[in-house]
Protein chains: 2
Amino acid sequence: MLHMDIQQMLKERRLRATPARVATLDVLLSAGRALTHHEVEESLAAAGNRLDRVTLYRTLDFLVEEDLAHRLSGEDRTWRFSAQDKRSGHAHPHFCCSGCGATLCLGDLNPAMVVGLPEGYSFQQAELTIRGLCPACNHA
Amino acid sequence: MLHMDIQQMLKERRLRATPARVATLDVLLSAGRALTHHEVEESLAAAGNRLDRVTLYRTLDFLVEEDLAHRLSGEDRTWRFSAQDKRSGHAHPHFCCSGCGATLCLGDLNPAMVVGLPEGYSFQQAELTIRGLCPACNHA
DNA sequence: TATCCATATGCAACATTGTTGCACAAAATT
DNA sequence: AATTTTGTGCAACAATGTTGCATATGGATA
Ligand SMILES: [Mn+2]
Ligand SMILES: [Mn+2]
Ligand SMILES: [Zn+2]
Ligand SMILES: [Zn+2]
């Protein structure tokens, strides 16, 4: 995606279009999958846009906060970030490779979900997590 | 559960019934939810069974390896451990509190899953993660 | 019951991932 | 251009988990 268009995306929402944000969004938008902080960092460096570690953490947080990206957690305890559309309110299923941790957003929830995997991916198990509030947190 | 019975559980499987393992299993079995390493550590200490941090990590790994517990990851990037029966091959849904991270295993997958939440818990969102192998890892 | 060996434990050092505080730089506003 | 607001970099810290190695111990064997 063109940097001008990305700048536009940010300005339309009345957000500051800094180089760090534009470059980071660019990386996320051109990746076909969710990227870890470290992967984004490397990708930025490769494109000559080295960013401070902390700045990148804050930039990613910012993008999530502003709904320009979403964050997901896998089995390896590292966040992954994706700029893909959120679809049905973040409730879309994800694919997560048990070998390397590669993570990507799948399509909308599907009764024949296993069939919905992209070509080349193999199914091992499905995990459904309900997020909400426990009794203690409901009262607080 | 009685310590003698827990020792029996281990010995039936030809595993060494050390005090660390028995005490750890006891903690997991009496918790009504999945516990973090830290929570297990505190619970052990409270019962006068202080364990080295590393030993506890290794003990929990051991229990998972031997299928006496299972491990699950939430949004806060810390493992949680539960001694509950694995039910349908680990594929059962979990509840995870967005406020405090409290995590527990729910019953079998259920079309009216939301209704299946225990009393006092409130629904926010459902996340379905398919685990498997990506094309690269399928070939390796 | 005493001996022995595989392995479980404790300790220190390290790795990874993410956070906080603060000074300085860069955008936006006037 | 000056001022205000916000973003960035750096250093220090925190939380979680791992590795290597010396020592202790469970449980088998004699
Ligand atoms: Mn997603
Ligand atoms: Mn479970
Ligand atoms: Zn993979
Ligand atoms: Zn809670």
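Proteins come first, then strands; the chains are lettered A, B, ... in the order of their sequence lines, and each starts at number 1. In this text the structure is predicted, and so the values were computed from the model without any measurement.
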Below 3.5 Å, does any donor atom in the side chain of A:Arg50 face an acceptor in the base of D:dG9, or the other way round?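 Checked by distance alone, the answer is no.
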Is there a donor N/O on one and an acceptor N/O on the other, under 3.5 Å, for the side chain of A:Arg71 and the base of C:dG18?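 Result: no qualifying N/O pair found.
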Checking contacts here: which listed nucleotide (C:dG18, D:dG20, C:dG21) is nearest the side-chain heavy atoms of A:Arg58? C:dG21
With respect to the side chain of B:Trp79, which nucleotide from D:dG17, C:dT19, D:dT19 is positioned closest? D:dG17
Report the distance from atom [atom1] of [X] to atom [atom2] of [N], rounded to the nearest whole Å.
{"X": "B:Arg80", "N": "D:dT16", "atom1": "CZ", "atom2": "C1'", "result": "12 Å"}
{"X": "B:Leu60", "N": "D:dG17", "atom1": "CG", "atom2": "P", "result": "9 Å"}
{"X": "B:Phe62", "N": "C:dA6", "atom1": "CZ", "atom2": "C1'", "result": "14 Å"}
{"X": "B:Tyr57", "N": "C:dA15", "atom1": "OH", "atom2": "P", "result": "17 Å"}
{"X": "A:Asp76", "N": "D:dT18", "atom1": "CG", "atom2": "P", "result": "12 Å"}
{"X": "A:Asp52", "N": "C:dA26", "atom1": "CG", "atom2": "P", "result": "15 Å"}
{"X": "A:Gln7", "N": "D:dG7", "atom1": "CD", "atom2": "P", "result": "15 Å"}
{"X": "B:Lys11", "N": "D:dA28", "atom1": "NZ", "atom2": "C1'", "result": "12 Å"}

Is the distance from the ring center of B:His70 to that of B:Phe81 below 6.0 Å?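 Centroid separation for B:His70 and B:Phe81: 6.0 Å or greater.
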Between [X] and [Y] (salt bridge meaning N to carboxylate O under 4.0 Å), is one present in this structure?
{"X": "A:Arg21", "Y": "A:Glu66", "answer": "no"}
{"X": "B:Arg71", "Y": "B:Asp61", "answer": "yes"}
{"X": "A:Glu127", "Y": "B:Arg131", "answer": "yes"}

Atom NE2 of B:His38: over 12 foreign heavy atoms under 6.0 Å: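 Count not over threshold, so no.
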Starting at the 5' end of DNA chain D, which residue's closest nucleotide do you reach first, A:Thr59 or B:Arg53?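 It is A:Thr59, whose closest nucleotide lies nearer the 5' terminus.
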Closest to the 5' end of DNA chain C, once B:Leu56 and B:Arg77 are matched to their nearest nucleotides, is B:Leu56
OP1 or OP2 of C:dG10 under 4.0 Å from side-chain N/O of B:Thr55: yes
Name the residue from A:Leu44, A:Leu35, A:Leu68 that meets the side chain to side chain contact (heavy atoms under 4.5 Å, CB included) definition with A:Thr24.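 Of all the options given, the one that passes is A:Leu44.
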Just to be sure I understand the geometry, which residues of residues 14-37 of chain B put a non-hydrogen atom under 4.0 Å away from DNA chain C?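 B:Arg16, B:Thr18, B:Ala20, B:Arg21, in order of number.
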Using the ring of each side chain (for Trp, its six-membered ring), is A:Phe95 parallel, tilted or perpendicular to A:Tyr121, with breaks at 30° and 60°?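 Perpendicular: the ring planes of A:Phe95 and A:Tyr121 meet at over 60°.
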